[in-house]
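The structure displayed is predicted, hence computed values, not measured ones.
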Amino acid sequence: MRIAVAGGTGAVGRHVVDVLRERGHEAVVLARSTGVDLVAGTGLAATLGGVRAVVDVTSVSTRSAEVAERFFRAVTTNLLTAGVRHLLVLSIVGIDRAPFGYYAGKVAQERLVANGGQPWTILRATQFHEFATQIYRQLRFGPLTLIPTMRSQPVAAREVAQRLVDLAEGEPVGRATDLGGPREEMMADLVRAYARSVGARGPVIQFPLPGAFGRAMRDGALVAGPAAEHGTQTFAEWLARRPAP
C-alpha cells in the first residue's frame, strides 16, 4: 500500500515512516527535504499519485494562535485540494476544552478536515514523552525551572505511530478513539525525572498558570477519558531507554 506521511521527518513522522516500511508499505515522505512544501502546496501533485492515504503529522513550533492557525489552515487546505482518498490527521486530546495558543491551530485544522468534503479520520493523542524534555528546555531560567501545574498522560510517539498506521490501513472512521498513555502523572514530576537523568541541578517549581488555559491544564482536560485506548510504555521506561547524555 502506498501511504504518504506529511511531516514524515519529524518526531512522530519518522516513526510512522518506520512502521509503514516494517509492515511492507511504500512510505512517501512529504517534507521540504523531499521537494514538497506543504504550506505553499508545491510538489504535492507530483507525489500523491497512487497514494491510498495521507497521514498528516505536521507541526509548527509556536505558542501563537495566529501563527498556528495560519500554518494548519494552509497545510490542510493544500492536502484537501489535492484530492486525497483518505486524510488521516493526528490531533491532541482536549483541544476543544483548551482552544488557546497552538491548540487553537489544531482546532481550526480539525474543523477544516471534518468539513473538507474528503474522507477523513482524526486521531487525538495525549502529549508524547518528549514533551517533558521540550518544556524543560523552554522554561528553564538559569538553575531554576518553572513548570505550570499540569495533569499529563504521556504516550510513546512510537505507539502513536503504530495506531496511525492501523487507521491508515483501514477505511476512514471520522473521529477515532482517543489514545492516551498508560498512566496519569504530573508534568513537574516528569520534568524533575528528566532533569535528574541528564545530571541537571536546580529546583523544578510547579505553579498554577492563571486563566482558562491554566485551568484546563490543572483539571484534566488534556488527559484521555475513560473510553480512550492506552499505550503501554511509561515515561520512566522511555527515559531509561534514552541514550546517555
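- Between Val160 and Ala125 the shortest heavy-atom distance is CG2-CB, 4.1 Å.
- More than 12 heavy-atom neighbours from other residues, nucleotides or ligands sit within 6.0 angstrom of CZ on Arg2.
- A salt bridge between Glu110 and Arg73 is absent, with no side-chain N of the basic residue lying under 4.0 Å from a carboxylate O of the acidic one.
- Val12 approaches Ala161 most closely through the heavy-atom pair O-CB, 4.4 Å.
- No donor-acceptor pair under 3.5 Å is formed between the side chain of Thr62 and the backbone N or O of Ala68.
- Considering only heavy atoms from C-beta on, Val223 stays 4.5 Å or farther from Val93 through its side chain.
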Next item on the list: For the pair Gln127 and Leu222, evaluate side-chain contact (heavy atoms from CB on, under 4.5 Å) and give the outcome as yes or no after the intermediate values.
Entry: CA-CA 8 Å; Gln127 297 287 355; Leu222 307 180; 5.6 Å; no

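- Taking both residues in full, the closest heavy atoms of Ala224 and Gly180 are given as CB-CA, 4.1 Å, listed atom of the first, atom of the second, then distance.
- Under the 4.5 Å side-chain criterion, counting only non-hydrogen atoms from C-beta, Glu237 is not in contact with His129.
- Follow the hydrophobic side-chain contacts under 4.5 Å out from Val173 and you reach Val57 in the same cluster.
- Within the 4.5 Å cutoff, side-chain heavy atoms of Gln153 are placed close to those of His230.
- To the nearest 0.5 Å, the span separating CZ on Arg52 from CG on Leu88 amounts to 10.5 Å.
- Note on Ile92: it does not cluster hydrophobically with Leu123, by side-chain heavy-atom contacts below 4.5 Å among ILVMFWY residues.
- No salt bridge links Asp96 with Lys106; every basic N to acidic carboxylate O contact stays at or beyond 4.0 Å.
- Salt bridge status for Glu185 with Arg151: absent, with no side-chain N to carboxylate O gap under 4.0 Å.
- Listed by chain and number, the residues in a side-chain hydrogen bond (donor to acceptor under 3.5 Å, both in side chains) with Asp37 amount to none (sequence neighbours excluded).
- Side-chain contact check for Asp18 versus Glu22: some heavy-atom pair is nearer than 4.5 Å.
- In summary, the side chains of Gln206 and Asp189 do not present any donor paired with an acceptor at a separation below 3.5 Å, with no hydrogens or angles considered.
- For Glu169, the CD atom counts as densely surrounded, since its 6.0 Å shell holds more than 12 non-hydrogen atoms of other residues, nucleotides or ligands.
- Residues Leu144 and Pro203 form a side-chain contact, since some pair of their non-hydrogen atoms from C-beta on lies under 4.5 Å apart.
- Here the CD1-OH distance, from Ile95 to Tyr102, works out to 9.5 Å after rounding to the nearest 0.5 Å.
- Contact between Pro182 and Pro154 at its shortest, heavy atoms only, is CD-O, 3.6 Å.
- In this structure, the side chains of Val113 and Thr76 come closer than 4.5 Å at one or more pairs of heavy atoms.
- Put simply, CE on Met187 and OG on Ser152 are 3.5 Å apart, with the number rounded to the nearest 0.5 Å.
- Looking at Arg218, its side chain does come within 3.5 Å of a backbone N or O of Gly214 through a donor-acceptor pair.
- Panel note: side chain Thr77, backbone Ala74; no donor-acceptor pair is recorded below 3.5 Å.
- The structure places CD of Gln162 at 6.5 Å from CZ of Arg23, a figure rounded to the nearest 0.5 Å.
- Proximity of Asn78 to Leu44: side-chain heavy atoms (C-beta onward) are separated by under 4.5 Å at one or more points.
- Summarising the geometry of Leu48 relative to Ala4, their closest heavy-atom pair is CD2-CB, 4.1 Å, with the distance given to 0.1 Å.
- The same ILVMFWY cluster, assembled from side-chain heavy atoms under 4.5 Å apart, contains both Val29 and Leu20.
- In terms of hydrophobic clustering, with Ile, Leu, Val, Met, Phe, Trp and Tyr side chains grouped at heavy-atom distances under 4.5 Å, Val191 and Met186 are assigned to different clusters.
- Taking a 6.0 Å sphere around CZ of Arg175, one finds it holds more than 12 heavy atoms contributed by other residues, nucleotides or ligands.
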Next item on the list: Go through the steps for Ile205 and Ile147 under the test side-chain contact (heavy atoms from CB on, under 4.5 Å), then give the verdict.
Entry: CA-CA 6 Å; Ile205 298 176; Ile147 302 298; over 6 Å; no

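- The main-chain N or O of Glu229 is never found under 3.5 Å from a side-chain atom of Thr177 such that the two would form a donor-acceptor pair.
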Next item on the list: Give the intermediate values and the outcome of side-chain contact (heavy atoms from CB on, under 4.5 Å) for residues Tyr194 and Arg137.
Entry: CA-CA 11 Å; Tyr194 171 72; Arg137 297 187 189 108; 3.4 Å; yes

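- Separation of atoms CZ (Arg158) and CD (Gln233) is listed at 10.5 Å; rounding is to 0.5 Å.
- Contact detail for Leu167 and Ala176: the closest heavy-atom pair is CD1-CB, 4.0 Å.
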Next item on the list: Please step through side-chain contact (heavy atoms from CB on, under 4.5 Å) for the pair Glu26 and Ile3, ending with a clear verdict.
Entry: CA-CA 6 Å; Glu26 180 184 357; Ile3 298 175; over 6 Å; no

Check: Going through the distances and angles, do Arg163 and Glu159 end up as a salt bridge (charged side-chain N to carboxylate O under 4.0 Å, His left out)?
Finding: CA-CA 6 Å; Arg163 183 68 180 120; Glu159 293 178 335; over 6 Å; no

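- For the pair Asp219/Arg97, a side-chain contact is recorded, criterion being any heavy-atom separation below 4.5 Å from C-beta on.
- In this structure, the ring of Phe128 has its center no less than 6.0 angstrom from the ring center of Phe235.
- The structure places OG1 of Thr121 at 9.0 Å from CD of Glu171, a figure rounded to the nearest 0.5 Å.
- In this structure, Phe213 has its ring center under 6.0 Å from that of Tyr103.
- With hydrophobic clusters built from ILVMFWY side chains whose heavy atoms lie under 4.5 angstrom apart, Val60 does not share a cluster with Leu112.
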